Structure formats: structure tokens, C-alpha cells
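Keep in mind the model is a prediction, meaning the values are calculated, not measured.
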Amino acid sequence: MIVNQPQSQSLSSGATAIVDEAARQLGALNIAQDPLDGALANEAGHHPQKAAVIIKREATKDKKQMHRRATADEMKSFKANQPTLLQLKEFADNVAPKRLIFIGDIHGCLTELNLLLEKVKFTPGEDQVVMVGDLVAKGPESVGVVRRARKIGAWCVRGNHDDPVIRWREFLDGPGIGVSVTELTAMEKAGSLPYSDFQITAKPHFEIARKLSPADFTFMSKFPTILALPEPFSEWVVAHGGLDPSQAISKQNQDDVMTVRNIENSKLTSDNDIGTAWFEVWAAKMKLLNPSAEGSSSGITSYDQELVKKVIYGHDASRALQINEYTKGLDSRCVYGGELTAFILPGEELVSVKCSNYEESSGTKDRRRNLHKRGGSNSLNQGKGRKGSTYKKRSKQLGAPKTVEL
């Protein structure tokens with residue numbers, strides 16, 4: 001017979017051993033617990049026997065998962081899940097919020113995010129926050145930003161820094177489970193990790209990935225590459241880097257959407273030192289499709305009108321804030337000492353807060369960049385940013401040149 005013990009009584013020696021063993025097993029996984037999901041902690045404080053049972057069950061589950069260690073070939077051949085390419089969001093009860101608040105690249109700058117939400121007078125239940133990607137990396141509080149986004153129910157697209165964090169965590173929860181940091185480092189040196197951008201110390205994504213709670217990871221793993229908005233905002237789409245003007249939105253390449261900055265010889269590139277800004281080509285196409293635009297071609301049909309989209313994006317810190325007719329670029333270099341910017345619909349209002357230069361203060365020489373001006377011909381508030389921050393494709397090189405058909 002089990003006798004319920006008073007709440008003030010401590011765990012028995014057997015239960016303590018179970019808790020200690022479970023803690024050891026969970027620690028081996030390097031998986032953070034989520035303060036937003038504190039049920040287990042509450043159980044431990046108020047119902048120690050029940051908590052011991054819960055922890056024992058979880059520890060048993062983890063042991064089963066860790067029973068057979070993945071082979072080197074299995075780890076090397078690991079492929080992460082592809083994100084949803086295009087997601088059409090819906091408002092709760094089909095009732096549009098009073099405002100959509102789009103926020104540029106946050107990069108772990110939680111203090112600035114909170115200041116911006118305060119400055120725009122964000123009101124839960126009345127406003128919907130939309131983040132254009134790169135919630136994490138470079139700044140000091142990446143996990144805090146993810147949890148803040150979760151708490152306010154933000155809609156997010158996947159950025160090129162969110163992506164490796166998600167892939168790392170999938171790997172750590174899969175074939176990499178139970179593998180020590182020392183072993184992973186050795187695998188990196190031997191070229192045995194599944195992705196070339198899996199770098200333990202040179203990049204921050206690994207550390208962020210293993211600090212995410214299960215709920216954090218679930219939230220991030222659902223970030224689509226492109227977000228299409230419902231009525232009355234259906235003319236707008238959100239992507240982190242940009243869109244390929246030669247392709248329909250539903251036919252975009254996932255890597256290109258997260259990384260594109262320019263188009264050179266009909267090929268998309270993440271390098272902004274060559275070619276033409278993608279958004280300038282996009283604007284030319286939209287003007288041809290839009291029968292109400294000056295200089296549009298004749299014979300435009302109502303179906304063509306449905307293809308006219310305005311894009312809200314981030315990623316291009318070197319050009320800073322870019323506000324054009326058909327595109328709104330919101331990366332205003334927050335993590336480099338610039339600003340964190342919000343773009344608000346309806347009304348197309350811009351609101352920003354000043355940011356600390358976390359990259360400069362980090363003291364890491366190879367992550368500091370010369371700042372220079374580089375803006376498009378229609379740029380507003382052209383600013384300084386990182387030079388040559390080319391993102392290497394993780395799964396393929398661009399194939400044959402794509403013809404940009406306007």
C-alpha cells in the first residue's frame with residue numbers, strides 16, 4: 001500500500017535516486033527544460049512521489065531511445081526535414097486584428113525586442129506580430145527571443161540563421177542523441193557531420209540548438225519559408241531573404257528564399273556586391289503585372305492582378321532599411337548597433353528603437369566586419385552593414401541559370 005506523504009516531506013532515498021538518475025540522463029542529452037512549461041517542477045515541489053514516477057517514465061523512454069547508438073554512416077547521411085514552403089495563415093475566428101506588426105531581424109536582441117513592443121504599444125488579442133526571420137544568433141539572448149515570440153503568439157518565417165539551429169536540434173534529437181560535444185567536435189574535424197555548416201565553435205547555432213526546450217524547438221520547426229497573409233492583407237507575403245521573380249511563389253526554392261540578395265546573369269546569389277538587387281527586378285515585374293501601375297503592359301487580365309504581391313523581408317543588413325513600393329526590407333542592422341524596426345499595417349507606419357552593437361562588443365575579430373554603404377536605387381535610409389556575408393547553400397549549388405521573365 002502506498003501512503004501519501006505530507007507535502008513538506010522530502011523525497012525518499014529511492015525516489016531521490018530516480019530523480020538523480022533521470023537528471024543525469026536528461027543532462028546527457030544536453031536538452032534544456034522550459035521555464036514556460038513548469039509542470040514537472042511544480043510536481044517536484046508539491047507532489048514528490050508523483051514527480052518521481054513522471055521522471056522515471058521519462059528516463060525509461062530516453063533510455064530506450066538511446067539503446068542503440070547511431071552508426072557513423074547514419075549520422076553522416078542524416079537529412080533534416082524540409083520546412084513548409086508556403087503557408088497561408090488564418091486569423092482566429094476569421095476576425096482580422098487591428099494591426100499587423102512586422103519586425104525585422106532580431107538576432108537574439110531580447111532587450112531591444114521588448115523595447116520595440118513597448119514603443120508600438122503592442123496589445124495581445126488586438127495585434128498580431130509577424131517576424132521576418134533570424135530570431136536567433138549573434139546577439140546575447142537567442143533562446144529568450146524565441147520564448148518571447150512563443151509567448152505573444154508571433155507568426156515567423158524561417159531565416160538563414162534559424163535554419164541551422166533547427167537542423168542541429170533535429171540531429172541532436174535523432175542520430176546525434178547522446179553523442180558528446182567532444183565526439184561531435186572530432187566528427188566536425190573529420191568532415192563526418194551531415195552538413196558543412198555544422199560547426200561547433202565557429203558558429204553559434206549548435207549552442208542555441210541544445211539550449212532550446214522541446215516546446216521552443218517545436219515552435220521553431222514550424223516556421224515556414226514563405227508566409228501568405230489572409231484578407232484584408234492578402235496582397236502581402238513575408239519571406240526572410242526575398243523571392244525569385246522568375247518563379248511563381250509556390251515554386252520558389254527554399255534556400256534561395258532564405259538567402260537571396262541579388263540577381264546576376266539570371267542567377268540568384270546571396271552576394272550583394274554583384275548584379276542587381278532582387279527587389280528591383282521584382283518591382284519591374286510587379287509593375288508589368290499591375291494594370292494600375294504607370295508603364296504597365298497592355299492586355300493585363302484580372303488573373304494577372306492576383307499575382308501582384310508586396311514582399312516584407314529582412315536579411316540584407318548591408319543595405320539597411322529598404323522601403324520601396326512593392327518591397328519592404330526591415331533588417332536595419334539591430335545586432336550591429338543600428339535599429340530594430342517595426343512596419344505596421346494598416347497605415348504602413350515605421351517604428352524603431354536604437355540597438356547596442358553586440359557584434360562589436362563580442363571581441364571576436366573574425367565576426368567583425370567593415371561597415372559600408374550599399375543601397376538599391378530606390379532605397380530609403382541607406383545605411384552601413386556587413387560586407388560579404390555570403391551564406392553557403394547547405395544542400396545544393398544553384399544549377400542552370402534561371403531566366404527572369406517579366
Practice prompt. Assess whether side chain to side chain contact (heavy atoms under 4.5 Å, CB included) is satisfied between I323 and L321, documenting all intermediate values.
Written response: CA-CA 6 Å; I323 303 300; L321 191 65; 4.0 Å; yes

Item to complete: Examine the side chains of Q87 and T84 and answer whether a donor and an acceptor come within less than 3.5 Å of each other.
Response: no

Item to complete: Could you pull out the closest heavy-atom pair between V157 and A239, with the gap in Å?
Response: CG2-C, 4.1 Å

Discussion item. Regarding E207 and R210, does a basic nitrogen lie under 4.0 Å from an acidic carboxylate oxygen?
Written reply: yes

Discussion item. Does anything in residues 75-129 form a ring-ring contact (aromatic ring centres under 6.0 Å, His included)? List the pairs, not counting sequence neighbours.
Written reply: F78-F171, F91-W155, H107-H161

Discussion item. One pair to check against salt bridge (charged side-chain N to carboxylate O under 4.0 Å, His left out): E141 and R148. What are the steps and the verdict?
Written reply: CA-CA 11 Å; E141 299 179 84; R148 183 70 167 128; over 6 Å; no

Item to complete: Determine, for E325 against K310, whether the closest basic-nitrogen to carboxylate-oxygen distance falls under 4.0 angstrom.
Response: no

Item to complete: Can you tell me which residue pairs pass the ring-ring contact (aromatic ring centres under 6.0 Å, His included) test with a partner in residues 234-253, sequence neighbours excluded?
Response: W236-F343, H240-H315

Discussion item. Checking side-chain contact (heavy atoms from CB on, under 4.5 Å) between M131 and each of L227, V238, L113, which is the one that passes?
Written reply: L113

Discussion item. Apply ring-ring contact (aromatic ring centres under 6.0 Å, His included) to residues W282 and Y313 and explain how you reach the verdict.
Written reply: CA-CA 13 Å; W282 183 266; Y313 68 100; over 10 Å; no

Worksheet item: Distance under 6.0 Å and angle within 45° of the ring axis: does R167 meet both against F198?
Response: no

Discussion item. We want to know whether D244 and S246 form a side-chain donor-acceptor pair, criterion being a heavy-atom distance below 3.5 angstrom.
Written reply: yes

Item to complete: Give the intermediate values and the outcome of side chain to side chain contact (heavy atoms under 4.5 Å, CB included) for residues C355 and Y336.
Response: CA-CA 8 Å; C355 302; Y336 304 109; over 6 Å; no

Practice prompt. Could you tell me whether D216 and R147 have a side-chain N and a carboxylate O separated by less than 4.0 Å?
Written response: yes

Discussion item. I'd like to know if E183 pairs up with R69 as an ion pair, taking the criterion as any Lys NZ or Arg NE/NH1/NH2 lying under 4.0 Å from an Asp or Glu carboxylate oxygen.
Written reply: yes

Discussion item. Suppose we screen for side chain to side chain donor-acceptor pair (under 3.5 Å). Which residues come up paired with T327, at least two apart in sequence or across chains?
Written reply: none

Item to complete: With side chain to side chain contact (heavy atoms under 4.5 Å, CB included) as the test, would you mind laying out the steps for V145 and V136 before giving the verdict?
Response: CA-CA 7 Å; V145 168; V136 301; 5.8 Å; no

Worksheet item: Would S332 and T341 count as having a side-chain donor-acceptor pair, cut-off 3.5 Å?
Response: yes

Practice prompt. State, to 0.1 Å, how close T276 and V281 come at their nearest heavy-atom pair, and which atoms those are.
Written response: CG2-CG2, 4.2 Å

